Amino acid sequence: MSRYSPADIEPRWQAAWDADGTFTARRDNDRPKYYVLEMFPYPSGRIHIGHVRNYTMGDVIARYKHATGHNVLHPMGWDAFGMPAENAAMASGGHPKDWTYANIADMRDQMKPLGLSIDWSREFATCDPEYYGQQQALFLDFLQEGLVYRKNAVVNWDPVDMTVLANEQVIDGCGWRSGAPVERRELTQWFFRISDDAEELLDALDGLENWPEKVRTMQANWIGKSRGLQFAFPLTEPVHGHAGVEVYTTRPDTLMGASFVGLSVDHPLARALEADNPKLAAFAAECRRMGTSEEELEKAEKRGFDTGLRVRHPLDPSWELPVWVANFILMDYGTGAVFACPAHDQRDLDFARKYDLPVRDTFLALDDPTPVADTAFVPPKTEPVRWIDHFAGLDVATGEEAIEATIAKAEADGWGEGRTQFRLRDWGLSRQRYWGCPIPVVHCDTCGVVPEKKENLPIRLPDDVSFDQPGNPLDRHPTWRDVPCPACGAPALRETDTMDTFVDSSWYFARFTAPDAATPTNPEDAAYWMNVDQYIGGIEHAILHLLYSRFFARAMHRCGHLPAEAIEPFGALFTQGMVTHAIYQTRDAQGRPVYHLPEDVIELSANGGRQVVLRHDLLVKEGASDDELYLLAQGNDLTVEVIPSAKMSKSKRNVVDPAAIIAQFGADTARWFVLSDSPPERDVEWTASGADAANKHLARVWRLAEACRQAGGAAEDPAASPGTPDHDLARATARVIVDVTAGIEGFAFNGAVAKLYAFTNAIAKSKASPAAQARALRTLAQLMAPMTPHLAEEIWSMLGGAGLVATTPWPHADPALLVEDTVTLPIQINGKRRSELQVPKDLDKAGIESRALADPAVQRALDGAAPKKLIVVPGRIVNVVV
RNA sequence: GCGGGCGUGAUGGAAUGGUAGACAUAUCAGACUUAAAAUCUGAAGGGCGUAUGCCCGUGUGGGUUCGACUCCCACCGCCCGCACCA
């Protein structure tokens, strides 16, 4: 073999790891355990270059931890339930099960050539009955613990397809297939009591020190703890049994600015009024035509309806306020009713201006007593403001102080009560769909809702279902529903709702610790392997998946399925960015964009830069220069517009297929590329030239190793004396060990890659002996092994390394080789760098000062005068102010 | 709309409040070659200058500091999430 040949190298080393069982995880109390997990994929059928990046990052950590003496668990599975499988079945007639398992097989085949250090013996899919049966057991335990209950909730209802729609299936208020306007409909649904844990889930965020701050902030905001006042506005006349309207507000201090009382469309009073007010009923019906998503509600035009009812202000019985029904008030939050203070809430102000309702200031800025006009005055609650006619006697005070004073006064006077409120709602898990985990309960006419017996689990999905009509096939199945009641044995009906797929992904990490256990977890395995030491996934999961998993871990602990230490299941979290790619676009005769696949375009070096043109027979010309080809392309309308850095999407045709990359360059190139350039938390742009360059570099490393081997580099090398090329190379080696180790530990893989480039350049330029070079190259192999494991094994074995790099301990830097005795200090004059100074590392401040002042550039700037100020930061910088 | 994040050469990016642009891509020049590819060597933020050097420069506008890509305020643009997409 005379050149770098990944097609030969990669399968060979993968076979060697398999034969050695290198990545099979077993409990071992002699080594510290390390559990690294990447968020498992949905089996869409093709792996995506984004998956490659995600799993490569996890693999770097897993292999590095392996080398540092840890007993590593690095499993893989499939988040296999969900809508796309049903959509595929509806579109092309197959079965969700066949579609899903075929996709899993395809994706596994695409993933294995990446050479990931995964323990494939633990693999499972959430649609395996062995997995979802254990999930049903968990559900029954949660039910017994009172962690699950039923209540009514609204869903998007497609009146034509007679089916429930997901939010993403509602487009501009209409069903995606039928196009019919969506209605809101109430159904009895199952809920997890996650809101009972709101306080705990919030407080425990403080302990998650190795989570990104932004994720903790997002979760805290999502849980949304607030302190406020609950009180009633008495109705001037009782109506439909309501004597008043209970409201909850976080700004009771602005009560004197109240303009009107607003009710949610779904508020009991609003509903009661609807019955004998056709206009209100029409308004409500219109509001209910919107989808259920909060985003849609918030973006919609704020609209209201005056009910004609009046309430009395609690502080002034002679002051009457109108009661409106408004489309922006959520029934799920607080009491479903609010009072509006337009002066200090922009949404209320817009509403008040629209419907000509009063606007009353309750406080003004200290430095600007202008009353509110078209912009609400909403200062931070910590900023002091001047109060107008405050009922608790405040003059200048902050919002916080005023809120507490108001709550205290309301409680003392007995018309209101301070209350802590959370935005977090209970987690609705019912889905009216087939391809999900069946909820294991039975509905009996005499016994009511009865849990299934555990010995009947798993409750399997029936295979004989059809998708030729919309709706839930479980509902339509001729026999599946019919079961005897587990309590009384009488004929009863099985629940046909299945579980939200978030349930599947809320405990898979625990199942990986004992994937074959006959109970959801095995206590010894869970105690040994949990928690996940490093979890890696996309920022898009910052809130829901991670919050639900945190809740599940607590719930599983309560039912005895996880140890107390595992209630925070993810010790460290890293959120990686996407892989993006340029979009290649031309325009058709009508000027509409036409997109082209990366393989259908050619890059030319023409016009002094990089030009992209369509691949075309006209451009196949022997011996033509790029400039000539580009002119030809311009003449034939073959030039392509390049839109840089867009999220990969099928419709824009900018998807890069990892299989093609591996076939062309090998897995190590793909891995090296996705780790280089961009910091892992940021998006990375996939470019053909970047992939090519990564491949060139790996080929160069291979050639260096081959040249070294031929020069007899595997020989023993004696210790080098200072000043020799051998010693310089040894120092560079020590330095790069420290830098790459820090890069991996700190998730700065791009930085580690840059240091490895520089180290490779240093070896290439070094005049060191073959034996010394071989030593440096073996260290290079060790440092590259987490990233490009196949090439690393190859070099290691070429240059006399013993055994597998994958099982060789991580290199240590010799501290003696890291010592620097001089340091270069930049000299700034008035904050701008003007010169520099070489000084002994341990020179004191005074010594540095005198040398800095003697510097010619400083002398010139001072021009005989004394410096105004002299700042010396030893080891860092000198700044002379003149 | 609300919550969170990001913004640095032609490009991806580097930089504990301390030399802005490491490392790489693209580009240009040179070596090798009959030629090309590959490989190797070198140049390179923009402007002025033969040059020592000087001015400008991290989305925009302000501020704090001896010193700001970094901290604070406002704005602009893009990305993620918004509870039934996964």
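Note on naming: letters A, B, ... go to the chains in the order of the sequence lines (proteins, then strands), and numbering restarts at 1 for each one. Source: prediction; values computed, not measured.
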**Q** Looking only at atom P, what distance separates B:A36 and B:A31, rounded to whole Å?
**A**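 11 Å, rounded to whole Å.
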**Q** For B:G4, does either OP1 or OP2 sit under 4.0 Å from a side-chain N or O belonging to A:T217?
**A**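 So the side-chain polar atoms of A:T217 never come under 4.0 Å of the phosphate oxygens OP1 or OP2 of B:G4.
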**Q** With a 4.5 Å limit on heavy-atom distance, are the side chains of A:K354 and A:D350 in contact?
**A**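 They are not in side-chain contact.
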**Q** Is there side-chain contact between A:L201 and A:I194, with at least one heavy-atom pair below 4.5 Å?
**A**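 Sidechains of A:I194 and A:L201: in contact.
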**Q** Can you find a donor-acceptor pair, distance only, under 3.5 Å between A:N221 side chain and B:G3 base?
**A**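 No such pair is found, so the answer is no.
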**Q** Looking for any heavy atom pair under 4.0 Å, which part of the strands does A:G82 touch: base, sugar-phosphate only, or nothing?
**A**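 Here A:G82 touches the backbone only, sparing every base.
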**Q** Salt bridge between A:K214 and A:E681, side-chain N to carboxylate O under 4.0 Å?
**A**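 Result for this pair is no, no salt bridge flagged.
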**Q** Could you tell me whether A:V155 contacts a base, only the sugar-phosphate backbone, or nothing, with contacts defined as non-hydrogen atoms closer than 4.0 Å?
**A**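 Base contact - A:V155 has a heavy atom under 4.0 Å of at least one base atom.
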**Q** With a 4.0 Å cut-off on heavy atoms, is A:P679 in touch with a base, just the backbone sugar-phosphate, or nothing at all?
**A**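 Here A:P679 touches the backbone only, sparing every base.
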**Q** Contact class for A:N167 (heavy atom, under 4.0 Å): base, sugar-phosphate, or nothing?
**A**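 The answer is sugar-phosphate, as A:N167 gets under 4.0 Å only of primed atoms, P, OP1 or OP2.
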**Q** Give A:Q169 one of three labels, base, sugar-phosphate or nothing, depending on what nucleic acid heavy atoms sit under 4.0 Å from its own.
**A**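 The residue A:Q169 makes no contact with any strand.
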**Q** Does atom NZ of A:K868 have more than 12 heavy-atom neighbours, drawn from other residues, nucleotides or ligands, at distances under 6.0 Å?
**A**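 Not buried by this count: 12 neighbours or fewer within 6.0 Å.
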**Q** Of the listed nucleotides (B:A83, B:C23, B:A14), which one gets closest to any side-chain atom of A:Y757?
**A**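 Of the options given, the side chain of A:Y757 lies nearest B:C23.
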**Q** Taking only side-chain N and O atoms of A:R834, does any of them lie within less than 4.0 angstrom of OP1 or OP2 on B:C54?
**A**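 For B:C54, OP1 or OP2 has a side-chain N or O of A:R834 closer than 4.0 Å.
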**Q** Can you check the distance between B:G46 and B:G21, where both ends of the measurement are the P atom (answer in whole Å)?
**A**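 After rounding to an integer number of Å, I get 14 Å for this pair.
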**Q** Nearest 0.5 Å please: distance from the CG atom of A:L187 over to the CZ atom of A:R150.
**A**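 With rounding to 0.5 Å, CG (A:L187) is 10.5 Å from CZ (A:R150).
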**Q** Give A:W427 one of three labels, base, sugar-phosphate or nothing, depending on what nucleic acid heavy atoms sit under 4.0 Å from its own.
**A**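 Since no nucleic acid heavy atom lies under 4.0 Å of A:W427, the category is nothing.
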**Q** Mind checking the C1' distance from B:G63 to B:U11? Whole angstroms is fine.
**A**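 B:G63 and B:U11 have their C1' atoms separated by 33 Å.
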**Q** Would you measure the distance from the C1' atom in B:U25 across to the matching atom in B:A14 and give it in whole Å?
**A**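 Nearest-Å result for B:U25 against B:A14 at atom C1': 15 Å.
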**Q** Is any N or O donor-acceptor pair between the side chain of A:R876 and the base of B:U16 shorter than 3.5 Å?
**A**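 Side chain to base: pair present.
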**Q** Can you tell me how the ring of A:F351 sits relative to the ring of A:F328, calling it parallel under 30°, perpendicular over 60° and tilted otherwise?
**A**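 Plane angle over 60°, so perpendicular.
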**Q** Base, sugar-phosphate or nothing for A:K302? Non-hydrogen atoms, less than 4.0 Å.
**A**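 Result for A:K302 = nothing.
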**Q** Roughly how far apart, to the nearest Å, are B:C2 and B:C55 at atom P?
**A**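 To the nearest whole Å, 45 Å.
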**Q** For the P atoms, the ones on B:G67 and on B:C56, what distance do you get once it is rounded to whole angstrom?
**A**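 To the nearest whole Å, 15 Å.
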**Q** With a cut-off of less than 4.0 Å, is there a side-chain N or O of A:R700 near OP1 or OP2 of B:A24?
**A**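 It does not, given that no N or O in the side chain of A:R700 lies less than 4.0 Å from OP1 or OP2 of B:A24.
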**Q** Is any side-chain N or O of A:R433 under 3.5 Å from a base N or O of B:C84, one able to act as donor and the other as acceptor?
**A**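 It does, because a donor-acceptor pair links the side chain of A:R433 to the base of B:C84 below 3.5 Å.
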**Q** Side chain of A:D677, heavy atoms from C-beta onward: which of B:U25, B:U19, B:A24 has the nearest atom to it?
**A**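 It is B:A24.
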**Q** Have a look at A:L424 and say if it touches a base, only the backbone sugar-phosphate, or nothing, with a 4.0 Å heavy-atom cut-off.
**A**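 If one applies the 4.0 Å heavy-atom cut-off, A:L424 turns out to touch a base.
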**Q** Measure up the A:F551 and A:W427 rings against each other and bin them: parallel (under 30°), tilted (30 to 60°), perpendicular (over 60°).
**A**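 Perpendicular: the ring planes of A:F551 and A:W427 meet at over 60°.
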**Q** Using the P atom as the reference point in each nucleotide, state the distance between B:G45 and B:A22 in Å, no decimals.
**A**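 About 9 Å, rounded to a whole number of Å.
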**Q** Between B:G12, B:A14, B:A26, spot the one nearest the side chain of A:S689, thanks.
**A**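 It is B:A26.
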**Q** I want to check one thing: is the phosphate of B:C82, taken as OP1 and OP2, less than 4.0 Å away from some side-chain N or O of A:S293?
**A**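 Checking B:C82 against A:S293, no side-chain N or O comes under 4.0 Å of OP1 or OP2.
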**Q** Which part of the nucleic acid does A:K299 contact within heavy-atom distance under 4.0 Å: base, sugar-phosphate only, or nothing?
**A**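 If one applies the 4.0 Å heavy-atom cut-off, A:K299 turns out to touch a base.
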**Q** Testing the basics here: between A:M39 and A:G537, what is the closest heavy-atom pair and its distance to 0.1 Å?
**A**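 Nearest pair, atom of A:M39 first, then A:G537: SD-CA, 3.5 Å.
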**Q** Output yes when at least one side-chain N/O atom of A:K832 is less than 4.0 Å from OP1 or OP2 of B:C56, else no.
**A**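 Looking at the OP1 and OP2 atoms of B:C56, one of them is under 4.0 Å from a side-chain N or O of A:K832.
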**Q** Does A:E295 contact B:C82 through a side-chain donor or acceptor facing the base, at a distance under 3.5 Å?
**A**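 Side chain to base: pair found, below 3.5 Å.
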**Q** Is there a donor and acceptor pair, one atom on the side chain of A:E294 and one on the base of B:C2, closer than 3.5 Å?
**A**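 Between B:C2 and A:E294, which were checked side chain against base, a qualifying N/O pair under 3.5 Å is absent.
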**Q** Using a 4.0 Å heavy-atom cut-off, does A:N761 contact any base of the nucleic acid, only the sugar-phosphate backbone, or nothing at all?
**A**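 Sugar-phosphate only.
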**Q** With a 4.0 Å limit, can you tell me whether A:K869 has a side-chain N or O closer than that to the phosphate oxygens OP1/OP2 of B:C66?
**A**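 The answer is yes; a side-chain N or O of A:K869 sits under 4.0 Å from OP1 or OP2.
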**Q** Classify A:H541 by what it touches in the nucleic acid, base, sugar-phosphate, or nothing, heavy-atom distance under 4.0 Å.
**A**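 Base contact.
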**Q** Does A:E706 come within less than 4.0 Å of A:R703, counting only side-chain N to carboxylate O?
**A**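 Here A:E706 does not pair with A:R703 in a salt bridge, since their nearest N and O are not under 4.0 Å apart.
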**Q** For residues 182-193 of chain A, pull every pair meeting salt bridge (Lys or Arg N to Asp or Glu O under 4.0 Å), keeping only residues two or more places apart or in separate chains.
**A**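 Output for this query lists A:R184-A:D266, A:E186-A:R271.
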**Q** Between the side chains of A:N152 and A:Q189, is a donor N or O closer than 3.5 angstrom to an acceptor N or O?
**A**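 Not at all, the side chains of A:N152 and A:Q189 share no donor-acceptor pair under 3.5 Å.
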**Q** What's A:F328 touching, base or sugar-phosphate or nothing? Going by heavy atoms closer than 4.0 Å.
**A**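 The residue A:F328 makes no contact with any strand.
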**Q** Give the dot-bracket line for RNA chain B from 5' end to 3' end: parentheses for intra-strand Watson-Crick or G-U pairs under 3.5 Å, square brackets for crossings, | for inter-strand pairing, dots for unpaired.
**A** (((((((..(((.....[....))).(((((.......))))).((((....))))..(((((..]....))))))))))))....
**Q** Which part of the nucleic acid does A:G428 contact within heavy-atom distance under 4.0 Å: base, sugar-phosphate only, or nothing?
**A**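 Sugar-phosphate contact only - A:G428 comes under 4.0 Å of backbone atoms but never of a base.
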**Q** Mind checking the C1' distance from B:U16 to B:U70? Whole angstroms is fine.
**A**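 Here B:U16 and B:U70 have their C1' atoms 11 Å from each other.
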**Q** OP1 or OP2 of B:C84 versus the side-chain N and O atoms of A:R431: is any pair under 4.0 Å?
**A**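 For A:R431, the contact criterion (side-chain N or O under 4.0 Å from OP1 or OP2 of B:C84) is met.
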**Q** Would you mind calling B:G9 syn or anti? Take O4'-C1'-N9-C4 for purines or O4'-C1'-N1-C2 for pyrimidines, and syn is within 90° of 0.
**A**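 Because its glycosidic torsion lies within 90° of 0, B:G9 adopts the syn conformation.
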**Q** Look at all strands and tell whether A:E213 reaches a base, only sugar-phosphate, or nothing, counting heavy atoms closer than 4.0 Å.
**A**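 Answer is nothing: A:E213 stays at 4.0 Å or more from every strand.
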**Q** Checking contacts here: which listed nucleotide (B:A14, B:C84, B:U19) is nearest the side-chain heavy atoms of A:R682?
**A**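 For the A:R682 side chain, the nearest candidate turns out to be B:A14.
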